[in-house]
Amino acid sequence: MSVDIIVRGYHLDIYQHVNNGRYLEFLEESRWDFLGHHRLVEQFQERDLAIVVANININYRKPAVFGDVLRVSTSVAAIGNKSAKFRQEVWRLENGEPKDLVVDAVVTFCLLDDASQNAVVISGDVRAILESLLEIGA
C-alpha cells in the first residue's frame, strides 16, 4: 500500500531538502491511507479500540528536494502481544519507478481500550485482522 507525494517548497528546510520532521508527516499520511483502505479504524472502533503510535524508529538515507516525487509505502511487519509494527519506506521515483530509498522506518503501535486508555492484548479477531495484513515473508 503506498501514496505518492510531490515535494513542495514548504516541505524544505534552510538546506533546501525535505526537513526531517516532514518525513513523519509523509509516513503518517501513508499510514492513514493504509488504515482507511483496510477499514482498520472502523473495525477497531466497533470494538472500542483506538490505534496509537508508541514508537517510531526512522532512518534518513538520502535527501529529497523540491519537485521530487516520493512513494511512501506501509505494511504490517510484525504482531506482538500488546503491540504491532508497521514497516514504512519512502522512495524517490524516477519515471514512475522507485530509484532511491530516502527513508525507512519501523512504527510500533498498540491498541488502546477506549474506556480504560490501557493497551490491550492483541488476540482473537483483532489479531486475525492484523495477521491477514502481514507482509509476505515477514
Side-chain angles (χ1 to χ4, degrees):
M1 201 68 238
S2 63
V3 297
D4 290 353
I5 295 173
I6 299 171
V7 175
R8 308 290 186 192
Y10 62 90
H11 295 138
L12 305 180
D13 59 20
I14 63 170
Y15 303 108
Q16 298 303 302
H17 61 258
V18 174
N19 179 278
N20 66 304
R22 291 292 183 168
Y23 287 110
L24 296 174
E25 294 174 358
F26 297 168
L27 296 172
E28 185 172 16
E29 177 71 24
S30 183
R31 285 193 310 276
W32 276 105
D33 189 68
F34 182 90
L35 295 170
H37 179 80
H38 295 291
R39 295 192 62 253
L40 291 178
V41 173
E42 295 87 353
Q43 291 183 71
F44 294 150
Q45 282 179 334
E46 291 168 2
R47 294 160 176 84
D48 297 318
L49 299 172
I51 301 169
V52 178
V53 170
N55 178 274
I56 298 178
N57 185 333
I58 186 169
N59 298 299
Y60 301 98
R61 305 290 183 185
K62 293 191 176 200
V65 298
F66 179 79
D68 280 347
V69 178
L70 304 177
R71 179 158 296 153
V72 187
S73 65
T74 299
S75 60
V76 175
I79 305 166
N81 186 42
K82 284 192 173 183
S83 66
K85 295 180 181 194
F86 288 121
R87 180 182 328 278
Q88 296 193 270
E89 294 180 336
V90 179
W91 287 85
R92 179 183 301 102
L93 301 184
E94 187 174 282
N95 299 319
E97 296 298 322
K99 181 181 183 219
D100 296 312
L101 180 62
V102 175
V103 164
D104 60 274
V106 175
V107 179
T108 303
F109 66 95
C110 58
L111 300 173
L112 293 186
D113 175 79
D114 284 340
S116 71
Q117 293 293 292
N118 291 321
V120 299
V121 173
I122 300 173
S123 62
D125 60 340
V126 171
R127 179 171 282 279
I129 291 167
L130 291 173
E131 284 176 346
S132 74
L133 299 173
L134 275 171
E135 60 190 13
I136 297 171

Run the numbers on L35 and F86 for side-chain contact (heavy atoms from CB on, under 4.5 Å), then give the verdict.
CA-CA 11 Å; L35 295 170; F86 288 121; 4.1 Å; yes
Side chains of [X] and [Y]: does their closest heavy-atom pair fall under 4.5 Å?
| X | Y | result |
| --- | --- | --- |
| E29 | V72 | no |
| F26 | V18 | yes |
| E89 | R61 | no |
| F44 | L130 | yes |
| L70 | V7 | yes |
| F34 | V3 | no |
| E97 | W91 | no |
| R31 | V53 | yes |

For [Y], does its backbone N or O pair with a side-chain atom of [X] as donor and acceptor, under 3.5 Å?
| X | Y | answer |
| --- | --- | --- |
| R92 | R71 | no |
| E131 | I79 | no |
| D13 | Y15 | yes |
| S132 | I129 | yes |
| D100 | V102 | no |

Same cluster for [X] and [Y] if Ile/Leu/Val/Met/Phe/Trp/Tyr side chains link at under 4.5 Å?
| X | Y | result |
| --- | --- | --- |
| V69 | V90 | no |
| W32 | I51 | yes |
| V103 | F66 | yes |
| L134 | L40 | yes |

Tell me yes or no: between the side chains of D104 and N59, is some donor less than 3.5 Å from an acceptor?
yes
Any luck finding a side-chain donor-acceptor pair between T108 and S83 under 3.5 Å?
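No, no side-chain donor-acceptor pair sits under 3.5 Å.
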If you take all heavy atoms of [X] and [Y], which pair is closest and at what distance?
| X | Y | value |
| --- | --- | --- |
| T74 | S30 | OG1-OG, 2.7 Å |
| Q43 | R47 | O-NH1, 2.5 Å |
| I122 | G80 | CB-O, 4.1 Å |
| K82 | A119 | NZ-O, 3.8 Å |

Measure the NZ-NZ distance between K62 and K99 for me, rounded to the nearest 0.5 Å.
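Rounded to the nearest 0.5 Å, the NZ-NZ separation comes to 7.5 Å.
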